[in-house]
Each structure stands twice: as structure tokens, then as C-alpha cells.
Student: 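One structure coming up, written as C-alpha cells, with questions to follow.
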Amino acid sequence: MAATPRLPAARVRTLRQRLLGWYHRERRDLPWRRTRDPYAIWLSEIMLQQTRVDVVIPYWQRFLTELPTVHALAAAPEDQVLARWAGLGYYSRARSLHRAAREVVTRWGGVFPRTPAELEELPGVGRYTAGAIASIAFGVPAPLLDGNVARVLARLFAVEASVDAPATRAELWALAEALVDPDDPSGWNQGLMELGATVCVPPPGSPRCEVCPLAGQCAARAAGRQHELPVRAPRKAPRALTWVTLAATTRAGALVLARRKPRGLFGGLWELPSAEPAADETPAAAAARVVAALGLPGRPAPRRAVEQEHVLTHRRLRLLAYRVTLPARGTAGVTIPGDAYDRVALVPPAELARHGLSSATSRLLEALSLA
DNA sequence: AATCCGGGGGT
DNA sequence: ACCCCAGGATT
């Protein structure tokens with residue numbers, strides 16, 4: 001356990017003054033900084049989990065245009081919510097968002113709770129997001145700790161222990177709590193994150209200490225260790241995975257899509273019916289197995305079409321796509337292709353956008369000239 | 001405490 | 001090729 005730095009009141013005062021001055025002078029004009037609507041701010045915080053600002057902006061704007069209130073979101077079908085999340089990743093966020101909207105309506109009468117403890121009871125809202133909503137939307141002096149803040153604090157106080165270790169996390173949370181400005185918690189919290197995103201940047205970039213408002217107070221800078229901190233836990237290598245996927249179309253051009261069950265990888269999203277080849281099974285045999293699972297009469301033989309790689313943080317997916325045209329009378333009795341799915345549908349090209357597709361599926365359909 | 005869960009942009 | 005991102009839930 002690393003030593004907890006002492007925080008003299010005068011030091012805290014200086015840090016607050018410098019960071020807040022800098023933030024209110026230099027802050028980026030982000031769309032969710034133009035609203036005070038807790039719903040819009042909550043939506044931004046969920047989308048921003050492990051996701052960059054620039055990626056989120058268009059999603060946030062589109063989502064808010066189509067579902068402008070928590071009531072609209074609560075009333076929407078889950079499939080529609082996932083369709084609007086398609087491409088953003090971490091799809092359990094969308095499902096939790098939807099459940100949380102219904103809770104806000106049913107349990108809280110459509111009015112968001114204001115305290116971190118109450119906010120944290122909402123699905124998809126953890127300690128960080130609760131602190132963010134409480135401080136930014138309601139001005140509650142709650143701390144928050146995200147990747148940016150952890151990096152800034154680790155450098156500012158020269159925290160040498162791994163920032164991924166639970167004991168270090170606790171220490172950083174304690175620092176964040178002691179530092180949050182009671183008069184401007186929103187500005188302080190966003191200032192810390194803004195500093196981490198634009199000045200006190202992670203490797204392989206270099207921290208821009210020459211423009212940092214806290215450079216004079218920074219312990220890592222004083223020790224010349226700003227490039228060495230924070231210490232992160234080593235990353236595990238992604239596991240390799242092969243999926244055989246079947247692009248089955250009718251003569252009219254409709255495509256067979258299957259919806260994955262709610263939990264797990266790509267949960268709730270639509271995709272080409274797929275199967276993982278068994279250890280002793282050839283890809284062609286696995287493709288034939290998918291055809292059989294669809295219950296197609298005559299069991300037409302699929303032909304190998306395209307191969308594509310899709311890299312995730314912890315998975316390396318090899319997608320082997322097979323192509324088949326459905327027999328004319330085969331479209332009525334298409335069955336759910338295996339226990340990874342809970343629905344199957346014939347989707348005309350014009351209706352593809354109404355289905356939530358992962359980027360992997362979108363790219364695959366593109367490569368197959370089906371989208 | 002470890003693992004799972006997407007995708008993309010910057011270097 | 002590698003890093004990590006306005007993290008949370010599950011086991």
C-alpha cells in the first residue's frame with residue numbers, strides 16, 4: 001500500500017484555484033456541456049464509459065434527437081435502443097440504460113435522483129458515473145475517478161503503486177474526495193478529466209507540462225517522472241476465436257439475421273447466424289450445421305465467400321463467411337439457429353438499419369456486398 | 001480478485 | 001503493433 005499524501009489546506013486551495021481557472025478558460029465546447037438536462041448528461045456519461053469523446057458526440061446527438069426524454073426512452077422497445085447503440089460497443093450499457101430509464105419513470109416518477117448513493121442503484125451506474133451525474137447535473141460535491149483522473153492524480157502526487165491495484169484505487173478515490181471543490185464540484189471534476197484528456201495525456205503521447213496549470217504543484221514533474229507514471233498493470237493477450245457465419249438470402253434479396261441472447265458477447269444484437277467449429281470439425285461442416293439449424297428444406301450447400309478479422313480488446317475474431325441462397329419455399333419455416341440466439345428474421349435490405357448490428361457484422365455485410 | 005464486455009483513434 | 005479511453009457487472 002502506497003503512502004497517502006498529506007493535503008495541507010493551503011495546497012488544496014492552490015490546486016482548486018489553478019485548475020478551475022484553467023478549466024473555465026480553456027474547456028472544450030462539448031455538446032453535453034451546453035445542457036443542464038440530467039437525462040442528457042446521464043446519457044453522455046453512459047456513452048462515455050470507455051469510449052472517446054469524438055466517437056460519442058454523433059451518437060449522443062442522434063440518440064437525443066430520436067429519444068429526447070427519459071419517458072421516450074422508457075417507452076421505446078429494447079430492440080430500438082440497441083439499434084441506436086449499434087457500433088458504440090459494450091452493448092450491455094444500452095440494455096442497462098433502457099432498464100434504468102424505466103426505473104427512473106416507475107420508481108422516481110420521471111425525476112432523476114440527485115445523490116450518488118441513489119444514482120448508483122440505477123443499472124449501469126457505478127461509482128464513477130454516480131459521482132459524475134451528481135456533480136455535473138446537480139452540483140453535489142461528489143468525487144469521481146476515471147482513467148483521466150487516476151492518471152492526473154497519480155502524477156500530481158507521484159503515486160508509484162499500480163493504479164489498477166484495489167488499494168491504489170482506494171487511495172485515489174480518497175484523494176479525489178478530499179480535493180473536490182465544494183463550491184464548484186462540476187468544474188473541478190470536469191477540469192481534472194479535461195486536463196487528463198488534453199494536457200496530462202497517457203502514453204504513447206507526452207504530457208504537455210509546459211502548458212499545465214498544475215505543473216508547479218506536480219510531484220511527478222518535480223522528480224522528472226511524469227513519463228513513468230502512472231504504473232499500469234500489464235495487459236493480457238487477446239484470445240483467438242474462429243466463427244463460421246452464414247449469409248443466407250432469399251431470391252428477393254432478404255437476409256436471414258439472428259438475434260443473440262441478452263448476455264455475453266454482442267448480447268441482444270442481430271448478426272448472420274454463426275457457429276464456432278468444434279475441435280474436430282471443418283469450417284465447411286460447421287457451415288452445413290448452421291444451414292441445418294435454420295431448418296431449411298433441401299439443405300442447400302453453402303459456398304465459402306469471404307474471410308474477415310475483427311479485433312476486440314480481449315478477443316481476436318476470425319470470421320469465415322459462407323453464402324447460400326434459400327430454396328423458394330424455404331422461407332416460411334426458418335428456425336432459430338442454435339442456442340446462442342433467441343430470434344431469427346428475414347430482413348430486407350431497407351430494414352437493416354432498424355436492426356442493431358455490431359461493427360463486425362456491418363463490416364462483414366459490406367464485404368459481402370449485402371449492405 | 002479476475003474476467004468479461006467493443007470499437008476506434010493516436011502514436 | 002500497442003496504448004487506452006469520462007467503467008460496470010458478474011463470478
Side-chain angles (χ1 to χ4, degrees), chain A residues 27-28 30-33 41-60 82 85-97 99-100 119-137 143-152 162-170 173 176 186 188-198 200-207 227 230 232-239 241 260 262-269 271 309-317 356-363:
Chain A
R27 68 179 204 162
R28 292 170 293 175
L30 304 179
W32 42 86
R33 288 180 178 162
I41 291 170
W42 165 61
L43 178 65
S44 77
E45 289 302 339
I46 302 298
M47 285 188 167
L48 284 162
Q49 289 169 5
Q50 294 293 286
T51 312
R52 317 244 184 200
V53 164
D54 307 311
V55 178
V56 166
I57 289 175
Y59 277 90
W60 182 84
L82 276 165
W85 205 272
L88 249 194
Y90 287 137
Y91 297 98
S92 70
R93 289 185 295 174
R95 303 172 52 80
S96 296
L97 182 86
R99 274 191 293 140
L119 286 163
E120 212 170 328
E121 292 182 31
L122 295 172
V125 177
R127 193 174 176 185
Y128 161 79
T129 306
I133 298 172
S135 61
I136 297 171
L144 59 74
L145 184 71
D146 73 335
N148 289 310
V149 176
R151 180 173 57 259
V152 170
S162 168
V163 294
D164 299 304
T168 317
R169 306 289 303 175
W173 270 108
S186 171
W188 170 262
N189 282 337
Q190 293 192 76
L192 274 181
M193 294 191 284
E194 187 84 348
L195 194 70
T198 64
C200 196
V201 297
S206 279
H227 292 277
R232 302 293 309 258
R235 190 177 309 276
K236 287 186 55 178
R239 204 198 321 162
L241 224 53
R260 297 184 72 86
R263 321 239 302 196
L265 193 59
F266 302 131
L269 294 194
E271 66 182 24
E309 183 139 306
H310 192 77
V311 180
L312 309 175
T313 299
H314 59 295
R315 290 283 186 277
R316 192 180 188 80
L317 273 177
L357 309 176
S358 67
S359 291
T361 298
S362 291
R363 287 205 299 118

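Throughout, a chain's letter reflects where its sequence line sits, starting with A, and its residues are numbered from 1. Hydrogens, waters and symmetry mates are skipped; everything else that's a heavy atom, side chains included, is used.
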Student: Figure out the CG/C1' separation between A:Leu122 and C:dG7, and round it to whole Å.
Tutor: 15 Å

Student: Taking A:Tyr91 for its side chain and A:Pro262 for its backbone only, find out whether a donor-acceptor pair lies under 3.5 Å.
Tutor: no

Student: Between C:dG7, B:dT3, B:dG7, spot the one nearest the side chain of A:Ser358, thanks.
Tutor: B:dG7

Student: Which nucleotide in the set B:dC4, C:dG7, B:dT11 lies at the smallest distance from any side-chain heavy atom of A:Arg239?
Tutor: B:dC4

Student: Classify the side chain of A:Arg235 and the base of C:dC4 as holding, or not holding, a donor-acceptor pair under 3.5 Å.
Tutor: no

Student: Suppose we call a contact any N or O donor and acceptor under 3.5 Å apart; does that hold for the side chain of A:Thr51 and the base of B:dG7?
Tutor: no

Student: Looking at C:dA6, B:dC5, B:dG7, which one has an atom nearest to any side-chain atom of A:Tyr90?
Tutor: B:dC5

Student: Distance between the C1' atoms of C:dA9 and B:dG8, in whole angstroms?
Tutor: 23 Å

Student: How many whole angstroms separate atom NZ of A:Lys236 from atom P of C:dC4?
Tutor: 17 Å

Student: For C:dG7, does OP1 or OP2 lie under 4.0 Å from any side-chain N or O of A:Gln50?
Tutor: yes

Student: Checking contacts here: which listed nucleotide (C:dA6, C:dT11, B:dG7) is nearest the side-chain heavy atoms of A:Met193?
Tutor: C:dA6

Student: Does the base of C:dG8 carry an N or O that pairs as donor and acceptor with the side chain of A:Ser92 under 3.5 Å?
Tutor: no

Student: Can you check whether A:His314 has a side-chain N or O nearer than 4.0 Å to OP1 or OP2 of B:dC5?
Tutor: yes

Student: Taking a pair as Watson-Crick or G-U wobble with both distances under 3.5 Å, which nucleotide is matched to B:dG9?
Tutor: C:dC3

Student: For DNA chain C, whose closest nucleotide is more 5', that of A:Arg316 or that of A:Gln190?
Tutor: A:Arg316

Student: Give me the distance, rounded to whole Å, that separates C:dC3 from B:dG6 when you measure between the C1' atoms they each carry.
Tutor: 16 Å

Student: Could you please name the option among B:dT11, C:dA6, B:dG7 that lies closest to any side-chain atom of A:Tyr128?
Tutor: C:dA6

Student: Return yes if the base of B:dG6 and the side-chain atoms of A:Thr313 contain a donor-acceptor N/O pair under 3.5 Å, otherwise no.
Tutor: yes

Student: Does a side-chain N or O of A:Arg315 approach OP1 or OP2 of B:dC5 to a distance below 4.0 Å, or not?
Tutor: yes

Student: Quick one: A:Trp85 CH2 to C:dG8 P, roughly how many Å, whole number?
Tutor: 12 Å

Student: Mind calculating the distance between CZ (A:Arg263) and P (C:dT10) to the nearest angstrom?
Tutor: 6 Å

Student: Counting just side-chain N and O atoms, does A:Arg169 come under 4.0 Å of either OP1 or OP2 of C:dG8?
Tutor: no

Student: B:dA1, C:dA6, B:dG6: which one has an atom nearest the side-chain heavy atoms of A:Pro166?
Tutor: B:dA1

Student: Show the nearest heavy-atom pair for residues A:Trp85 and A:Leu43, with the distance to one decimal.
Tutor: CZ3-CD1, 4.5 Å

Student: Whole angstrom is fine here: how far is it from CG in A:Leu241 over to P in B:dG6?
Tutor: 13 Å

Student: Would you kindly give the CG-to-P distance between A:Leu269 and B:dC5, to the nearest whole Å?
Tutor: 13 Å

Student: Within the pair A:His310 and B:dG7, is there a side-chain N or O less than 4.0 Å away from OP1 or OP2?
Tutor: yes

Student: For C:dA9 and A:Arg93 - does any side-chain N or O of the residue sit under 4.0 Å from the phosphate oxygens OP1/OP2?
Tutor: no

Student: Where the side chain of A:Glu194 is concerned, which of B:dG7, C:dC4, C:dA6 is the nearest nucleotide?
Tutor: C:dA6

Student: What closest approach, in Å, do A:Arg93 and A:Ile46 show between heavy atoms, and which atom pair accounts for it?
Tutor: NH1-O, 3.1 Å

Student: Output the single nucleotide from B:dG6, B:dG8, C:dA6 whose closest atom is nearest the side chain of A:Val55.
Tutor: B:dG8

Student: From the list B:dG6, B:dG8, C:dA6, which nucleotide is the closest neighbour of the side chain of A:Ser359?
Tutor: B:dG8

Student: Do any side-chain nitrogens or oxygens of A:Arg232 fall under 4.0 Å of OP1 or OP2 in C:dC5?
Tutor: yes

